[in-house]
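A quick note: this is a predicted structure, and the numbers were derived from the prediction, not measured. Here is the naming used below: chain letters follow the sequence lines, and residue numbers restart at 1 for every chain.
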2 protein chains.
Amino acid sequence: MSDPTPHIAATLKTLRQARGWSLTRAAGATGVSKAMLGQIERGESSPTVATLWKIATGFEVPLSAFLVEAAAPPVEPRAVFSDSAGMHVRVLIPFEPRWRLEMFAIDLEPGACSESSPHGPGVVEHVIVIEGALEVAEAGRWQSAQAGDVVRLDAAQAHAYRNPHATRARFHNLVNYPTGTRPGREAGSTGGGKAMAGAP
Amino acid sequence: MSDPTPHIAATLKTLRQARGWSLTRAAGATGVSKAMLGQIERGESSPTVATLWKIATGFEVPLSAFLVEAAAPPVEPRAVFSDSAGMHVRVLIPFEPRWRLEMFAIDLEPGACSESSPHGPGVVEHVIVIEGALEVAEAGRWQSAQAGDVVRLDAAQAHAYRNPHATRARFHNLVNYPTGTRPGREAGSTGGGKAMAGAP
DNA sequence: CCGCACCGTGCGTTATAGCGCACAAGTGAA
DNA sequence: TTCACTTGTGCGCTATAACGCACGGTGCGG
């Protein structure tokens, strides 16, 4: 825990600049003189809670917005998964027990097909298509998804992706695990799954 | 959304009396003079955030213990499609209590700047840049993110996005809520893109 | 009774938060 | 260029936060 003044300064500057407000306009909205706002932004003054409250209400944000409570979340590691036969998986968000989810960015080359063996019960996948189009199979039924579509899959069942089109398909894959379960790192799940080249 | 001073006074008095501390002892623990502590308890003085922080650390309680959590900011346009000043938001995954998350696809036109008002404590955002590049501000510091980057934000603090480049930026926004909280429908009020100055 | 220790509060002084105003630099139009 | 206007910052002044200290009040053991 450190002195809250620098954080207040930075937060105020961000809030004001993000709205494109000048000090004068911010002073009008908050009822605090623009000179004082400028000093607070530069960290030259530590405001009273009363003035900070006026600022918070003027900006229509909660008071806690200016206060450092929790430590900043850790830096994001990023790993590139294996690339097997036209399928490229990149880990966007590694699994964290706190949220019980992980997220991947997946590229599917034309003609590529990937089969994913079932995860544990209750696991749900979201496929968010970014670019191109692909087909997703759940419980043996293939459905097509285009850019902008979101497909929800019950990952407890066998499911697969394939790209029967001529252009590359890109999508994000959000995997949610129910309480108590973790992502099984066994081979055969999405990353290490059998990716078969060639037309389906 | 009232004056926070009476709440601070009552909280400090309760905290001190609950521990059986005298003003002198509290002054020794916090580093704030006992006269000032007495005045704060009686509501005759509105402390600065620096002093309140010293008091909070002296009592080993979070700063938020002294603050009445202000009323939620007014509900603004807020909609599935919020398109204001160069920002286009589409809901990919609406909030579900089961997963405690929601996900958006956001387009940021060149020059657009959007400020996201802080959510409740513990809320974490992931910004996954799909196309183009943008700048994200957290705690007053702008950092740039390019396509493929993932930025993790503590959404309890004020944060903002802007696109200072010439091409459109697209990103996915994953918002995780801790157990017990829900997405308070606060505004993602956007500042006028054109009114904003360029890169710092 | 008298110290004596500790409590909370009031007083005088200092540091500084906060305000109003003015100034230098920048911007755009005539 | 000049004029009108806005931006952010610096300066003087006032209000007050914050300090150190002392005073009246209270409980307790000589």
Side-chain angles (χ1 to χ4, degrees), chain A residues 3-59 63 66-67, chain B residues 3-59 63 66-67 111 113 115 137 140-142 160 162 164 191-200:
Chain A
D3 180 45
T5 310
H7 186 260
I8 293 176
T11 304
L12 176 58
K13 195 166 190 174
T14 303
L15 278 170
R16 187 178 64 86
Q17 286 186 347
R19 306 191 181 193
W21 284 8
S22 67
L23 284 179
T24 311
R25 175 161 184 189
T30 60
V32 181
S33 69
K34 74 173 181 180
M36 179 49 60
L37 290 176
Q39 288 188 22
I40 295 173
E41 276 192 2
R42 315 180 115 233
E44 299 174 358
S45 180
S46 177
T48 64
V49 285
T51 45
L52 192 64
W53 174 81
K54 288 204 288 185
I55 294 173
T57 52
F59 277 87
L63 243 179
F66 294 93
L67 303 175
Chain B
D3 181 47
T5 310
H7 187 258
I8 292 176
T11 305
L12 176 57
K13 193 166 192 173
T14 305
L15 240 58
R16 186 180 63 88
Q17 288 184 346
R19 307 190 181 195
W21 285 7
S22 67
L23 283 181
T24 312
R25 168 150 192 200
T30 59
V32 181
S33 68
K34 74 171 181 180
M36 179 48 64
L37 289 176
Q39 288 189 21
I40 295 173
E41 276 191 3
R42 314 179 110 233
E44 299 174 356
S45 180
S46 177
T48 64
V49 285
T51 345
L52 192 64
W53 175 81
K54 289 203 287 185
I55 296 173
T57 53
F59 277 88
L63 242 178
F66 293 94
L67 302 174
C113 182
E115 171 223 336
R141 279 216 301 269
W142 292 92
R162 71 180 177 194
K194 313 299 182 287
M196 266 288 295

What are the atom names and distances for every N/O pair under 3.5 Å that joins the protein to nucleotides 18-25 of chain D?
from	atom 1	to	atom 2	distance (Å)
D/dA18	OP1	B/Thr48	N	3.2
D/dA18	OP1	B/Thr48	OG1	2.6
D/dA18	OP1	B/Thr51	OG1	2.0
D/dC19	OP2	B/Ser33	N	2.9
D/dC19	OP2	B/Ser33	OG	2.9

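- The nearest whole Å value for the distance from the CD atom in A/Glu44 to the C1' atom in C/dC19 is 16 Å.
- In this structure, B/Leu12 atom CG and D/dA17 atom P are separated by 15 Å, rounded to whole Å.
- In this structure the side chain of A/Ser45 reaches within 4.5 angstrom of the side chain of A/Met36, judged on heavy atoms.
- Rounded to a whole Å, the CZ atom of B/Arg25 is 17 Å from the C1' atom of C/dA5.
- Using a 4.5 Å heavy-atom cutoff, the side chains of B/Trp53 and A/Leu67 are not in contact.
- In this structure, the CZ atom of A/Arg42 is 18 Å from the C1' atom of C/dT16, given to the nearest Å.
- For the pair A/Phe66 and A/Leu15, the minimum side-chain heavy-atom distance is below 4.5 Å.
- Each of B/Ile8, B/Leu23, B/Thr11 was compared with B/Glu41 under the side chain to side chain contact (heavy atoms under 4.5 Å, CB included) criterion, and only B/Leu23 meets it.
- Here C/dG18 presents its C1' atom at 16 Å from CD of A/Glu41, a figure rounded to the nearest Å.
- When atom types are taken as modelled, the side chain of A/Arg25 and the backbone of A/Gly20 share no donor-acceptor pair closer than 3.5 angstrom.
- The distance from atom CG of A/Leu23 to atom P of C/dG20 is 15 Å, rounded to the nearest whole Å.
- Not counting sequence neighbours, A/Gln39 has no partner by the side chain to side chain donor-acceptor pair (under 3.5 Å) test.
- Between the CZ atom of A/Arg16 and the C1' atom of D/dT7 there is a distance of 9 Å, given to the nearest Å.
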